[in-house]
Structures are given as structure tokens and as C-alpha cells.
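Heads up, the thing below is written out as C-alpha cells.
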2 protein chains.
Amino acid sequence: MLNQTALGACAPVLLIDSPAERRLPHQSRIAAHMPILLLGASRATALRIIDGCVALYRELADGRRIILDILGPGRLLGADLADIHQCKAVTLTLTSVETIDTERALASIGNAIREMLLRAQAHALLLGRKTAPERVATALLDLAHQFARKSGAPLARGRTTFTLYLTRADLADWLGLTLETVSRCLSALKRSRLIAFDRPELITITDRTALEALAAGHLHA
Amino acid sequence: MLNQTALGACAPVLLIDSPAERRLPHQSRIAAHMPILLLGASRATALRIIDGCVALYRELADGRRIILDILGPGRLLGADLADIHQCKAVTLTLTSVETIDTERALASIGNAIREMLLRAQAHALLLGRKTAPERVATALLDLAHQFARKSGAPLARGRTTFTLYLTRADLADWLGLTLETVSRCLSALKRSRLIAFDRPELITITDRTALEALAAGHLHA
DNA sequence: CGCATTTTTGATTCTTATCAAGACGAGTGG
DNA sequence: CCACTCGTCTTGATAAGAATCAAAAATGCG
């Protein structure tokens, strides 16, 4: 059972572990920058993100950190979905979640694991073989897909705007870069008019086609 | 059903797709460097590697390639275990496989997917945050674990020898490096007496403790 | 309105990639 | 049996991309 239920409450840690007591589904709001402990020894509980943003990450003994995945609304998070002993998760903004009973939602869990694996494989290609600008372009497209403001206009083409819940440092840890390199790439994309932003956390994609070409490795800028 | 059954046969491609006809389990040997097509639209078939070595990889339009995972004896390979549309697989040596019925082995498939995800996450840490020598050390330990000669002596400490089915170029594509860098790192490890090899494809780990420290990021060589 | 944090930008360094030869080994055919 | 060739591996010299070091500028918060 979640150890945190009040709206807007902000205990330092949210535990996921429902040994026997299980009155699900249950909603909960978690403040920004709260660690989520994945202690589901029973594997009986998982979370669905209703709204907000969660980063799943691992770290090396000396502090080097890699963000494995960024989870937006709809994505699942639970014991089965990550290496419990080595992965950690944090909210990057105020996040609403609901607990789901894995026994009733077996298919959803299976799909979520498969999606996780698929994303991990795509990310391996990014980390192993893409240049810094390609990585940043890929990340922006992924984030746009997960966090785009659902406006009246179709998302497919034209401008897409989304809130970037990640700081430059978070992006760097996701993309295997440094925050300075991320900042330079974002500035370069802005100068090239592929994206636009006035405040650093509100990004608009202004040329999706070019951004996709860059992300796929077809462009050399 | 496998389109290849004879021992030692070497058709250019091995198809995995058993629509209705299914007399499993069935063994098969595949020559080295044969592509394995993962066409399991039905998701009803998977392979278990009995002996040998398979590389699962993805590539970018311009030829950049990343090996997502190296699969040794016991590992499973099938439609559920990779993005069918974007992943490819090749044998790196003569490889024996058996088909397994996924409906009868649901738990195995689930475990295999979870192992795949866990390994992908560990690999993301390697690709995103480890230095070249750390990557090579990590790879050698993983390969030793999957391919170690089962000798009388316990594997835990002392010398471990294994056949490196990967070329330097394969290692580079797995580790997000170039073949020259891999070769230099291997030479450096040899000079430091952490490993030994006379022929380039037969590696002996001579100081497992130091290699593990390096792989974990505790050493600075 | 300061103060702390994040972001941007610049100068320089360092790791790894790229380019370039050789060395080695396995297989082939004379 | 011995050149010859092809593919892989090793090693060296140089270049490039990203990291590091450093300092402002912008932003948000109390």
C-alpha cells in the first residue's frame, strides 16, 4: 500500500509494497523530486503514471549516473519493470499515479515490459552510435511524443510544444553527455530553427521533419 | 517450422515462423555468420540456444551498427524478445538451437524477457557512462560468464578461459567503440596482466578481482 | 529585491575516432 | 612445401568531438 495518500503531500519517499493489505486501485500525488522506492518483493503492485514525469536511473559507485528511461502519462512502473536492486526512480515534477493490481492487469504488465525493452534497445543505439546533436534531436522527439500539449491541432506536423521536465543535467544523464554539450546542442537546434524556446523548459518543435531526419542520422549538422 | 534441419547445413537464412504446423521441440544446427530472421508474426515460436553464440543487433540507415546483446547457451531468442521490425540476429559461430513452444514455456519466455531488459539496462550504463577500458573489462566478464570452459576448477576465482566468438569489430559494435580502441584496450589489459591471450580469440582472465574492479569503475586504468 | 540554481557561452584539454601501415594467420593453388 | 592472398589484428600518428574548466547571464524563489 502506498505510504502516502494526501493530495500534494511530500514525504521524502514513496514505498511500493503491498504485502497483504491491498485495496486498489488507489490514486496518489507525489511532489517533484521525490524518490520512488521499488520494493515490491511480492511483485504484486505496480504504478500507472496518470500525469507528470518519472525518471528511472542507475548509478555507478563513484556517482556517474545514467537515466534509463523517462516515463510519462500512461507508462507503468513496478518491480517487474526494472532491476529492483540496482534501479532507482524519481519524480521530475508533481506526479499523479495510481496503483494497479498486476494479477488483474497481466497483459498490461507484459506490454509495459515489452515496451520498456523496445525503448531500451532504441536507446542503446542512441548511446552507442549517435552523435550528440542526433541524441538531443531523438530525445526531443520522444519527449514531444510523451508530453505534447494536447491542443486542437493535429500533432503529426506543424508546431508541437511541450514542457521539458528534465533539466539540462537530467538530459545529459539520459543521453550519455554532459550538461554543457546538451545546452550547446539545444542552442544549435534553436539557431537552426528546428526548435524554439524562450524559457529553457518550454520547448516548441518548429521543424519536425528536419528534427526526425537529424535523429535518424540522415543529417550531418 | 525451421527451414533448415540437416546437421551442418548452411542455408543463407533461417526463418522462424511456425503458423500452424508445429512439431516441437526440434533441434537444428546453424553455420557461423548466418542471419536469423525473426519473423514470428504469430509469436508462437522461440529458439533456445543449446550451444554457440548469437548477436542481436540494430543498425542506422547509414550503416552504423550496435550489437544489443550477445546470446550464449541457454538464452532464448524469439519474436517477443526483440523489436521484430528493427532488430536482426546473426550467429557468430556454429550454433545449435532448439525450438520451444511458447505456450508451454510461458514462464521461461517471461524470465527471458526480464533478463533481456535487465541486461539492456546494465548495458545502457556501460554505453552512457563507462570509459573504453571499463567497457572492455565489463564485456570480458560477461562473456566469461556466458562462455567459460567448464573445467574441473571452480569458476569463481583463478583463471577462466573462454573462446571469444566476437571479432574486435563485433566487440566495438557491442561496446559503442571502434575496433582499434578495443584492440588497444585488450592489449593494455594484457600488458597489465589482468588477461592473457596468445591467439586473439582465446582469452584467459588472470586477475578476475582487478578486472571486476575496473568494470565497476573503481580503478582508473 | 537579493540569492541560489540553472543555463549559456567560451577556452582548453582529453579521450576516442580516424587514417594509415604493418604483422599475423588461415586457407589456396602452384 | 612454399609463395600468395585475404581477412583480422596490432600499433602509430593525427584529428575531431565531447569533456572539463571557468565565468557570465538568465531564471526562479523566498
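Throughout, a chain's letter reflects where its sequence line sits, starting with A, and its residues are numbered from 1.
Remark: P of C:dA23 and CZ of B:R199 are 22 Å apart, rounded to the nearest angstrom. Nucleotide D:dA18 holds its C1' atom 16 Å from the CG atom of B:L127, rounded to whole Å. The interatomic distance linking A:H33 (NE2) with C:dT5 (P) rounds to 13 Å, in whole Å. At whole-Å resolution of the value, OH in B:Y165 and P in D:dC9 are 15 Å apart. Across the protein-nucleic acid pair, A:L189 atom CG and C:dT9 atom P stand 13 Å apart, rounded to whole Å. Following rounding to the nearest Å, A:R168 (CZ) and D:dA25 (P) show an atom-to-atom distance of 19 Å. Computed from coordinates, the A:K130 NZ to C:dT16 P distance equals 22 Å when rounded to whole Å. One atom, CG of A:D198, and another, C1' of D:dT27, lie 13 Å apart when rounded to the nearest Å.
Annotation: proximity of residues 173-182 of chain B to DNA chain D (heavy atom, distance under 4.0 Å) is found for B:L179, B:E180, numbered in ascending order.
The side-chain hydrogen bond (donor to acceptor under 3.5 Å, both in side chains) with B:E59 is formed by just one residue from the set B:R65, B:R64, B:K88; it is B:K88.
B:S187 comes within 4.0 angstrom of sugar-phosphate atoms only, judged by non-hydrogen atoms across all strands, and of no base. No engagement by B:E201 is indicated, since no non-hydrogen atom pair under 4.0 Å with the nucleic acid exists.
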Evaluate salt bridge (charged side-chain N to carboxylate O under 4.0 Å, His left out) for A:R29 paired with A:D51, printing each intermediate quantity in order.
CA-CA 9 Å; A:R29 298 183 79 191; A:D51 197 59; over 6 Å; no
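Between A:T167 and B:R184, it is A:T167 whose nearest contact on DNA chain C lies nearer the 5' terminus. Comparing B:R129 and B:R191 against DNA chain D, the residue whose closest nucleotide sits nearer the 5' end is B:R191.
Side-chain N/O atoms of B:R208 and B:T160 include a donor and acceptor closer than 3.5 Å. The closest side-chain donor-acceptor pair between A:T99 and A:R48, if any, does not fall under 3.5 angstrom.
Listed nucleotides C:dT7, C:dT16, D:dC9 differ in distance to B:T131; the shortest reach to its side chain belongs to C:dT16. The side chain of A:A132 approaches D:dA18 more closely than any other nucleotide in the set D:dC9, C:dT9, D:dA18.
With sequence neighbours excluded, no residue forms a ring pair (Phe, Tyr, Trp, His ring centres under 6.0 Å) with B:F162.
Taking every heavy atom of both residues into account, B:I66 and B:W174 meet most closely at CD1-O, 4.1 Å.
Here the straight-line distance linking atom CG of B:L171 with atom CG of B:L179 works out to 10.0 Å at 0.5 Å rounding.
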